[in-house]
Amino acid sequence: MSNRVRFAPSPTGHVHIGNIRVAIFNWLFARHEGGKFLLRIEDTDRERHTKEAVDALFDVMNWLGLDYDEEPVFQSARRDAHLAAADRLLTEGKAYKEDKGNTGKGECIIFRMPNEDVVFNDEIKGELAKKAKDLQDFVIVRSDGAPVFHLANIVDDIDMKITHVIRGDDHVENTFRHVLIYKALGIKPPKYAHLPMIINQQGKPYSKRDGDCFVGEFRAKGFLADALFNYLAFLGWSPGGDREKLSRQELMELFSLDRVKSSPAQMDLKKLTHLNGQYVAELPANDFIAAAGRVVENYEWATGVDKDYFAKVCRLMQTRTHVYSFVKDWKYFFSDDIEYEEKPVRKMLKKPGMKTTLAVLRGKLDNIGFSEESIEETIRAVEKESNISEGKLNQPVRIAVTGMSTGAGLYETMALIGKARCLVRLGYAIDHLCEED
RNA sequence: GCGCCCAUCGUCUAUCGGACAGGACACCAGGUUUUCAUCCUGGUAAGCGGGGUUCGACUCCCCGUGGGCGCGCCA
């Protein structure tokens, strides 16, 4: 029989990065093995399960290309099956009823731990064992009649014929109990593989307070699904070679559980950004234009931009856009109300003689055709006249024209922005940013 | 507290008893670009500590230390 794995999230509205990585590993395993990747929505925690939360989950999975093979199973719809299993355990004496702790809430059903040690072989961590004395009886059905996670999870896995349970490290302790339930039910447990956790900058488990912990946030910031997928696949796993940028197809072919590490991995935003930049750079120009266009819609300075002009800006900026959010710095292409970086202004513009030099340059630029070549020639000429070494005038001009110290090639940028605007900005810099000579 | 797990450059990792411990991100330096970004080259940087086992340990074992997880009528 072919392998069957499942991703079994409890939808809360936001999909956590750690959770989605579990989904990715399950997906990769299934696709590598030619098995089935199934989805089960564990929506039994009534108060948090909403239609929106489930939709958000589907949306994220779809975005990342995590396609599943059969209709998703909703755990809430399987209550009868869970309860039937509990009844069976009850009649066979493997569980009992009790008002645990005399709460007055009524009787719940409690699984009776057999007095025996438990051992299972984890595909990643190796043999894991637990002494009988370290395990206690536990509730499987609440006094209000609702099945508890441990029971529901197992009964569903059995019915879905799950062969490998690939989940987070935080479930290791549960597994000892789960193995015992399987045994009580007379069913052979699946194989288990526990993935190391993802930790934050402080080396602590990722929490909601860390920011950047939901898939939606990465998407909103302009990370590409393929890049995030690639990056996450390499957290806690590596194929062993020197390559780190791998296509989904390659990842699928290379993936195996025995190369998953068992120590936790820290998320590195810089590295993700770098990887993402590589993916962005090789995007077809039109895809980039379309995506950047969607981002730019968020800024009033880009309303009503000319399509051709925008395409030209994109052509200039694509290779230096590591993440779409960088588009926020494109304002100077579209508006004269630019924001100046303080430090470069101080360093490059507030220099003795700069005011005069820029004024001379402005005067000359006013009389040329404003092609890339002529702009360059003019700057060179002014440098010579003003006794400035070659190339040293570029940065001051860049700051004056764009407000920033980095960007695309200066001449291309100026030519694109256009003569009129460049002159206005040069004028502003001369009057307001330069030091009096 | 008890139990289980984990431990290589700052970070992600390779190594599966014998190599100058390799790569990537970040960082630094140089080169290219008469500017910026890319790009190229080079560099800094690691086996938690202590015992064993062995001819030989990052690798195997034990003890510490540090960290994580679990010990719910949450999932």
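Treat the numbers as computed from the prediction; the structure is a model and nothing was measured. Below, read A as the first sequence line, B as the second, and so on, with proteins coming before strands; counting in each chain starts at 1.
- RNA chain B is contacted by A:Arg320 of residues 317-330 of chain A, taking any non-hydrogen atom closer than 4.0 Å.
- Contact check, A:Lys261 against B:A14: a side-chain N or O comes under 4.0 Å of OP1 or OP2.
- Distances from the side chain of A:Ser143 to the nucleotides B:C73, B:A75, B:C2 place B:C73 closest.
- If you check the side chains of A:His322 and A:His274, you find no donor sitting under 3.5 Å from an acceptor.
- Less than 4.0 Å separates RNA chain B from at least one heavy atom of each of the following residues of residues 389-411 of chain A: A:Glu390, A:Gly391, A:Asn394, A:Gln395, A:Arg398, A:Ser405, A:Thr406, A:Gly407, A:Ala408, A:Gly409, A:Leu410.
- Residue A:Ser238 has no polar side-chain atom (N or O) positioned under 4.0 Å from OP1 or OP2 of B:C12.
- With no hydrogens or angles considered, a side-chain donor-acceptor pair links A:Asn230 and A:Tyr279 at under 3.5 Å.
- Between A:Arg259 and B:U15 there is a side-chain N or O to OP1 or OP2 distance below 4.0 Å.
- The side chain of A:Glu244 sits closest to B:G23 out of B:G23, B:A75, B:C25.
- Across B:C73, B:A75, B:C5, the shortest atom-to-atom separation from the side chain of A:Lys125 is found for B:C5.
- Across all strands shown, A:Gly236 has heavy atoms under 4.0 Å from sugar-phosphate atoms exclusively, and none from any base.
- Base contact: A:Lys100 has a heavy atom under 4.0 Å from a base atom.
- No side-chain N or O of A:Glu282 forms a donor-acceptor pair with one of A:Gln278 less than 3.5 Å apart.
- Every residue two or more places apart in sequence or in another chain was checked for a side-chain hydrogen bond (donor to acceptor under 3.5 Å, both in side chains) with A:Glu376, and none qualifies.
- The A:Ser263 side chain lies nearest to B:A7 when the options are B:C73, B:A7, B:C71.
- Distance check on atom C1': B:U53 versus B:U41 gives 45 Å, rounded to whole Å.
- B:A45 and B:G22 have their P atoms separated by 12 Å, with the value rounded to a whole Å.
- Taking 4.0 angstrom as the limit, A:Lys105 places none of its side-chain polar atoms (N or O) nearer than this to OP1 or OP2 of B:C73.
- Taking only side-chain nitrogens and oxygens, A:Arg142 comes nearer than 4.0 Å to OP1 or OP2 of B:A75.
- Using a 4.0 Å heavy-atom criterion, one finds that A:Ala281 contacts no nucleic acid atom at all.
- Side-chain contact check for A:Arg167 and A:Thr175: at least one donor-acceptor pair (N or O, by modelled atom type) lies under 3.5 Å.
- Within the 4.0 Å cut-off from OP1 or OP2 of B:G68, at least one side-chain nitrogen or oxygen of A:Lys204 is found.
- At the heavy-atom level, A:Glu376 lies under 4.0 Å from base atoms of the strands shown.
- The side chain of A:Ser10 approaches B:A75 more closely than any other nucleotide in the set B:A24, B:G72, B:A75.
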